[in-house]
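In what follows, a structure is listed as structure tokens, so that the remarks can point back to it.
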Amino acid sequence: MSASASVTKSVADTAFTRTFGVDVPLVQGGMQWIARAGLVAAVAEAGGLGFLSALTQPSPEDLSREIARTHELTDRPFGVNLTVLPTIEPRPYDEYRAAIIESGVTVVETAGSDPTPHIEHFARHGVRVIHKCTSVRHALRAQAAGAAAVTVDGFECAGHPGEDDIPGLVLVPAVARRLDIPVIACGGFADGAGLVAALALGADAICMGTRFLCTEESPAHPNVKRAIVAASERDTELIFRPLRNTSRVASNAVSRTVVASLAAGAGFDGVRELVSGARGRQVFDGGDLEAGVWSVGMAQGLIDDVPDVATLVDRIMAQAHAIVCGLAS
Ligand code: NAD
């Protein structure tokens with residue numbers, strides 16, 4: 001094997017790719033409203049591991065149909081994200097869990113509250129769990145509960161970064177040095193430099209949401225993709241901070257109003273209508289960027305195009321390869 005081929009292999013051949021049987025150490029996070037069959041299958045076909053978002057589907061039966069659609073589009077591995085956080089309407093998590101198991105999916109990404117009961121239940125049915133968390137203590141708990149891997153979300157991430165505000169530069173190695181299972185770095189990643197940095201910090205893969213949201217196969221309205229390309233890393237807001245359910249979303253009139261209302265003492269009931277996922281969906285589906293709050297990460301400051309998924313994956317791996325070769329020489 002040439003030195004160059006050997007470097008390419010070393011970037012792609014990690015504990016993550018070996019454990020999950022994929023070609024490249026790239027994960028597409030289970031984004032609400034975005035992570036549907038077309039995007040997930042495109043990521044799988046490009047050699048990465050994509051996750052459908054379970055709660056994007058209005059019912060467990062709809063989730064079963066979306067999983068079947070994804071199976072029709074690819075015979076490569078993919079998974080399902082099950083997020084357990086406060087919701088406006090209670091969700092039947094047990095039924096979503098059953099739909100996942102019955103569909104033959106073999107890897108699940110859990111996120112949010114203590115995953116122990118889910119990990120144990122999925123394990124009894126031969127489903128491996130990657131738990132997404134935002135602290136060393138939660139990563140250790142997930143490993144002890146039997147998680148096959150953890151995704152560690154740094155403060156840069158879209159959606160829920162937790163309450164500790166530890167960026168990936170510290171959080172990823174702090175987790176990696178304590179865990180035996182594969183670690184996936186998440187939050188702020190959008191290119192090959194990020195992949196190499198994550199591997200250097202002890203991670204075995206990177207997970208990207210915003211970067212995959214801004215691809216041709218993503219179902220987000222073109223206005224959303226254009227807004228991400230135009231935005232800088234400064235254009236996000238942290239909502240729900242006083243409620244200890246912090247979430248990073250795009251900066252717009254709605255999110256700034258929510259921040260101001262909660263800071264002025266409003267409770268969740270005072271902002272419920274503004275923050276509902278149903279309104280966020282209008283942004284992604286209809287392209288009205290002011291229709292509601294919508295999740296996006298600081299990585300938007302690194303994104304300046306809308307490639308197809310295969311081109312993006314090839315580019316990231318080529319960038320990583322060139323950087324590692326450059327460092328080696
Ligand atoms: P939703 O419409 O039920 O709620 C909208 C937002 O309000 C969510 O962020 C939710 O966590 C928050 N929320 C609801 N009740 C709350 C309460 N009592 N106190 C504080 N915050 C409260 O949610 P949705 O948009 O349909 O999303 C479904 C699930 O996916 C939620 O659990 C949501 O948090 C999660 N989600 C995760 C991400 C991410 O980090 N990847 C992004 C978007 C949504």
Side-chain angles (χ1 to χ4, degrees), residues 27-36 39-40 50-60 62-63 79-93 96-97 108-115 118 130-135 138 151-163 184 186-189 207-213 218-220 224 236-250 254-255 257-259 261-263 266-285 291-300:
V27 175
Q28 166 256 307
M31 295 165 276
Q32 181 76 354
W33 310 127
I34 299 298
R36 299 162 186 264
L39 176 60
V40 171
F51 285 89
L52 293 171
S53 154
L55 300 187
T56 292
Q57 303 302 324
S59 72
D62 290 303
L63 176 59
V80 177
N81 166 287
L82 189 62
T83 294
V84 185
L85 283 167
T87 52
I88 291 176
E89 300 287 342
R91 298 297 199 111
Y93 289 106
Y96 277 95
R97 214 167 52 185
V108 161
E109 177 186 74
T110 53
S113 64
D114 182 8
H118 301 290
I130 300 176
H131 183 58
K132 183 179 272 185
C133 56
T134 58
S135 70
H138 293 153
T151 297
V152 56
D153 245 348
F155 185 57
E156 304 91 332
C157 72
H160 298 274
E163 308 305 323
I184 302 156
C186 189
F189 296 103
C207 175
M208 300 182 292
T210 304
R211 180 61 277 193
F212 279 120
L213 190 159
S218 154
V224 175
T236 67
E237 303 288 338
L238 292 171
I239 60 171
F240 302 149
R241 182 110 269 194
L243 306 177
R244 295 192 61 77
N245 184 32
T246 301
S247 183
R248 186 182 299 285
V249 298
V254 186
S255 60
T257 300
V258 172
V259 170
S261 299
L262 292 173
F268 184 73
D269 286 346
V271 298
R272 173 193 305 259
E273 195 271 326
L274 288 176
V275 302
S276 79
R279 279 180 69 144
R281 182 174 196 169
Q282 288 175 37
V283 176
F284 290 124
D285 288 356
V293 298
W294 51 286
S295 297
V296 73
M298 288 178 165
Q300 67 181 345

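Counting convention: from 1, in listed order, for ligands and their atoms alike. Here, residue 1 is the first one in the sequence, and each next residue gets the next number. In this text, all values refer to a predicted model and were calculated from it rather than measured experimentally.
- The atoms of ligand 1 that sit less than 4.0 Å from any heavy atom of Ser276 are 2 (O).
- In terms of N/O distances under 3.5 Å, ligand 1 is approached by Pro86.
- Between the choices Leu85, Ile34, Leu55, the shortest heavy-atom distance to atom 29 (C) of ligand 1 belongs to Leu55.
- Remark: minimum distance from atom 31 (C) of ligand 1 to any protein heavy atom is reached at Thr87 CG2, 3.7 Å.
- The nearest heavy-atom contact from the protein to atom 21 (N) of ligand 1 is Asn245 ND2, 3.0 Å.
- The N/O atoms of Ser295, backbone and side chain alike, include none that comes under 3.5 Å of an N/O atom in ligand 1.
- For the pair Trp33 (side chain) and Val283 (backbone), a donor-acceptor distance under 3.5 Å is absent.
- Summarising the geometry of Thr246 relative to Pro161, their closest heavy-atom pair is O-CD, 3.3 Å, with the distance given to 0.1 Å.
- Atoms of ligand 1 lying under 4.0 Å from at least one heavy atom of Gly159, given by number and element, are 39 (C), 40 (O).
- Side-chain N or O atoms of Ser218 include one that pairs as donor or acceptor with a backbone N or O of Leu213 at under 3.5 Å.
- Not a single N or O atom of Phe268, backbone or side chain, sits closer than 3.5 Å to an N or O atom of ligand 1.
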Using side-chain contact (heavy atoms from CB on, under 4.5 Å), reason through Val108 and His118 one step at a time and then give a plain yes or no.
CA-CA 10 Å; Val108 161; His118 301 290; over 6 Å; no

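- Closest approach of Tyr93 and Leu85 over heavy atoms only: OH-O, 3.6 Å.
- For ligand 1, the polar-atom distance check finds no N/O of Trp33 at less than 3.5 Å from any of the ligand's N/O atoms.
- Using a cutoff of 4.0 Å between basic side-chain nitrogens and carboxylate oxygens, Arg248 and Glu156 are not scored as salt-bridged.
- Not a single protein heavy atom sits closer than 4.0 Å to atom 41 (N) of ligand 1.
- In terms of protein heavy-atom proximity, atom 35 (C) of ligand 1 is nearest to Thr83 CG2, 3.8 Å.
- In terms of protein heavy-atom proximity, atom 25 (O) of ligand 1 is closest to Gly277 CA, 3.0 Å.
- When atom types are taken as modelled, the side chain of Ser53 and the backbone of Ala35 share no donor-acceptor pair closer than 3.5 angstrom.
- Annotation for Ala111 and Asn81: closest pair CB-ND2, 4.3 Å, computed over non-hydrogen atoms.
- A side-chain contact (heavy atoms from CB on, under 4.5 Å) with Leu63 holds for exactly one of Leu55, Thr56, Val80; it is Val80.
- Ligand-side atoms of ligand 1 in range of Phe240: 6 (C), 7 (O), 9 (O), 12 (C), range being under 4.0 angstrom from any heavy atom.
- Heavy-atom proximity to atom 34 (O) of ligand 1, evaluated over Glu89, Lys132, His160, Gln32, is greatest for His160.
- Looking at Ile88 next to ligand 1, an N or O pair under 3.5 Å apart turns up.
- Nearest protein heavy-atom neighbour of atom 5 (C) of ligand 1: Val275 O, 3.4 Å.
- The ring-ring contact (aromatic ring centres under 6.0 Å, His included) check on Phe240 picks up Phe268, with sequence neighbours excluded.
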